Amino acid sequence: MNILIMGPAGAGKGTMSELILKAYDIPHISTGDMLRENVRNNTELGKLAKTYMEAGKLVPDDVINAMVEDRLQQPDCQKGYLLDGFPRTLVQAEAFTKIAEKIGKPVESVIALEVEFDTLAERITGRRICPKCGAIYHIKSHPPVVEGICDVCGGELTQRKDDTIEQLKVRMDEYDSSTAPVIAFYDKLGVVSRIDGAQPREQVFAEIQEALGKIA
Ligand code: AMP
């Protein structure tokens, strides 16, 4: 299964991706996570990406395209992929059509999660993540058992630097201007399922499963 999951910051892409990868056994490839790992390890790519990321701006297309092309050739992508946060611009979408064709894995389904700004703001400011294992929490709706500590691995929970209202506004504007045309691009191919991401997580996932059932 070759799937893209899209939606603004805080729409639930990470949470839904965890559920999808468990149910369908395909790797969850988040370009944001890959970049953050590079920043943590202080690689050349990380050094380049850091300034863009901290400003809530997009990292240049050619850098991202090369990173994704390389990642999709890893053996764990044999059964397909769940790409999260890519493509985010029309240039990336067009480049990805060629990459996907080259590796024989064209996009089959695009899940577009839709959520309004106020809900996103509430989610983003309360979001806490585990830098060790990637688990995602929310201080009100999904708190860990012990405050500040990951239930899964005991890691110390942190807040992403870009999870602020100010950055959310920048990221929303970026999403609207750059990513909306990407959804329109895939709409023409008839592969987009729009899902209300403000619903309870079980309902959102049920609707995703229904959409993916069409390509299984
Ligand atoms: P995310 O975790 O998906 O919200 O991504 C965090 C940040 O990483 C974004 O604000 C961008 O700076 C960068 N980023 C992630 N994916 C991409 C992409 N496909 N194109 C450009 N920049 C990206």
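None of these values were measured; they are calculated from a predicted model.
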Exercise. How far apart are the closest heavy atoms of Pro181 and Leu90, and which atoms are they?
Worked result: O-CD1, 3.7 Å
Seminar exercise, completed: In this structure, CZ of Arg123 is separated from CG of Leu168 (nearest 0.5 Å) by 11.5 Å
Exercise. Once you round to the nearest 0.5 Å, how far does CD of Glu37 lie from CG of Leu45?
Worked result: 10.5 Å
For this session: Write down the atom of Met6, the atom of Val182, and the distance for their closest heavy-atom approach.
Result: CE-CG1, 3.7 Å
Problem set entry | Reported CG-to-CZ distance for the pair Asp33 and Arg40, which is rounded to 0.5 angstrom | 8.0 Å
Problem set entry | Where Asn2 and Glu108 come nearest, the two heavy atoms and their spacing | N-OE1, 2.7 Å
Problem set entry | Separation between CG of Asp84 and CD1 of Ile3, rounded to the nearest 0.5 Å | 11.5 Å
Problem set entry | Between OH on residue Tyr81 and CG on residue Leu72, distance to nearest 0.5 Å | 6.5 Å
Exercise. In this structure, are over 12 heavy atoms from other groups packed under 6.0 Å from Lys50 atom NZ?
Worked result: no
Exercise. Please walk me through it: do Glu174 and Arg88 pass salt bridge (charged side-chain N to carboxylate O under 4.0 Å, His left out)?
Worked result: CA-CA 9 Å; Glu174 190 84 72; Arg88 249 186 169 89; over 6 Å; no
Problem set entry | Trace of the salt bridge (charged side-chain N to carboxylate O under 4.0 Å, His left out) decision for Arg194 with Asp187 | CA-CA 10 Å; Arg194 287 182 168 74; Asp187 252 338; 2.8 Å; yes
Exercise. Would a 4.5 Å heavy-atom cut-off, applied to side chains only, mark Ile5 and Met16 as touching?
Worked result: yes
Exercise. Does Asp176 come within less than 4.0 Å of Arg171, counting only side-chain N to carboxylate O?
Worked result: no
Problem set entry | Sub-4.5 Å side-chain heavy-atom contact between Asp162 and Glu54 | no
Exercise. Any side-chain heavy atom of Leu113 sitting closer than 4.5 Å to one from Val204?
Worked result: yes
Exercise. For atom CD of Glu156, is the number of surrounding heavy atoms from other residues, nucleotides or ligands below 6.0 Å larger than 12?
Worked result: no
Problem set entry | Separation between CD1 of Ile29 and SG of Cys77, rounded to the nearest 0.5 Å | 4.0 Å
Problem set entry | Ala9 to Leu120 - nearest heavy-atom pair and separation | O-CD2, 3.4 Å
Exercise. Do Gln199 and Glu207 have side-chain heavy atoms sitting under 4.5 Å apart?
Worked result: yes
Exercise. Is the count of non-hydrogen atoms from other residues, nucleotides or ligands lying under 6.0 Å from Gln159 atom CD greater than 12?
Worked result: yes
Problem set entry | Distance-minimising heavy-atom pair for Pro87 and Ala93 | CB-N, 3.5 Å
Seminar exercise, completed: On a heavy-atom basis, the closest approach of Cys153 and Lys132 is SG-CB, 3.8 Å
For this session: Evaluate the criterion salt bridge (charged side-chain N to carboxylate O under 4.0 Å, His left out) for residue pair Arg71 and Asp76; output intermediate values, then yes/no.
Result: CA-CA 9 Å; Arg71 178 64 186 86; Asp76 63 338; 2.7 Å; yes
Exercise. For atom NZ of Lys47, is the number of surrounding heavy atoms from other residues, nucleotides or ligands below 6.0 Å larger than 12?
Worked result: yes
Exercise. Are any of the side-chain heavy atoms of Tyr52 and Leu58 separated by less than 4.5 Å?
Worked result: no
For this session: Is it possible for you to say whether Ile183 and Leu4 belong to one hydrophobic cluster, with membership spreading through side-chain heavy-atom contacts below 4.5 Å?
Result: yes
For this session: Determine, using the 4.5 Å side-chain heavy-atom cutoff (strictly less than), whether Ile26 and Ile111 are members of one ILVMFWY cluster.
Result: yes
Problem set entry | Path from Phe185 to Val192 over hydrophobic side-chain contacts below 4.5 Å | yes
